[in-house]
There are 2 protein chains.
Amino acid sequence: MMFTAQIKVMPLKDLLDPQGKAVLGGLQNLGLNNVQDVRIGKHIDLQIQANSKEEAHQIATEAAKKLLANQVMEMFEVHIV
Amino acid sequence: MMFTAQIKVMPLKDLLDPQGKAVLGGLQNLGLNNVQDVRIGKHIDLQIQANSKEEAHQIATEAAKKLLANQVMEMFEVHIV
């Protein structure tokens, strides 16, 4: 069966996110002053061939740990849909 | 009140995603052959000062249209949590 895994990779809360800070400045220059903070990460969709939702989750987690996320600086969440 | 808006920005389905194709090759080199397709986009968290969930949604959508997403090549979804 084919499963879609959605992986969210975000910079860790305690780390500075310079890309987010730059976008926050851009939004304020556009007059969107209600935005107080911005953090930017990655959203990755994987199409996975697996026998069960659990197997798909395991494969997606392995992909995230080995390649998609740098766990020193980033956290990730996996959802199978 | 403070709201958190989660914005997902993904390349449009009909467009080639070269970053995703590169990651797919990397996963296959790592032996993760069950992964059939990869698409990569952005995940953006905004902290928004607003009077209601609807107002926060409106501000996040404006931010996405004006700065965060290029609607020629990308689609976006806004969720207020």
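In what follows, chains are A, B, ... by sequence order, proteins preceding strands, each numbered from 1.
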Would you say the side chain of A:Leu46 lies within less than 4.5 Å of the side chain of A:Gln6, judging by non-hydrogen atoms?
-> no

Among B:Leu24, B:Leu30, B:Thr4, who wins on heavy-atom pairs under 4.5 Å with chain A?
-> B:Leu30

Please flag which part of A:Leu32 lies under 4.5 Å from any non-hydrogen atom of chain B: side chain, backbone, both or neither.
-> side chain

How many angstroms lie between CG in B:Asn33 and CG in B:Asn29, if you round to the nearest 0.5 Å?
-> 9.0 Å

If you round to the nearest 0.5 Å, how far is CD of A:Gln28 from CG of A:Asn34?
-> 10.0 Å

Which of B:His43, B:Met10, B:Gln49 touches chain A most, by non-hydrogen pairs under 4.5 Å | B:His43

Counting heavy-atom pairs under 4.5 Å with chain B, the top scorer among A:Ile48, A:Asp17, A:Leu68 is A:Ile48

Verify same cluster id: B:Ile7, A:Val9 (apolar side-chain graph, 4.5 Å) = no

What side-chain donor-acceptor pairs closer than 3.5 Å can you find for residues 74-81 of chain A, not counting sequence neighbours?
| unit_1 | atom_1 | unit_2 | atom_2 | d |
| --- | --- | --- | --- | --- |
| A:Glu74 | OE1 | A:Asn70 | N | 2.9 |

So does A:Met73 have more than 12 non-hydrogen atoms from other groups sitting under 6.0 Å from CE?
-> no

Tell me, side chain or backbone of B:Lys8 under 4.5 Å from chain A's heavy atoms, or both, or neither?
-> side chain

Are A:Ile40 and B:Phe3 linked, directly or through other ILVMFWY residues, by side chains that come within less than 4.5 angstrom of each other?
-> yes

Close contacts, residues 53-67 of chain A versus chain B, judged by heavy atoms under 4.5 Å | A:Glu55, A:Ile59, A:Glu62, A:Ala63, A:Lys66, A:Leu67

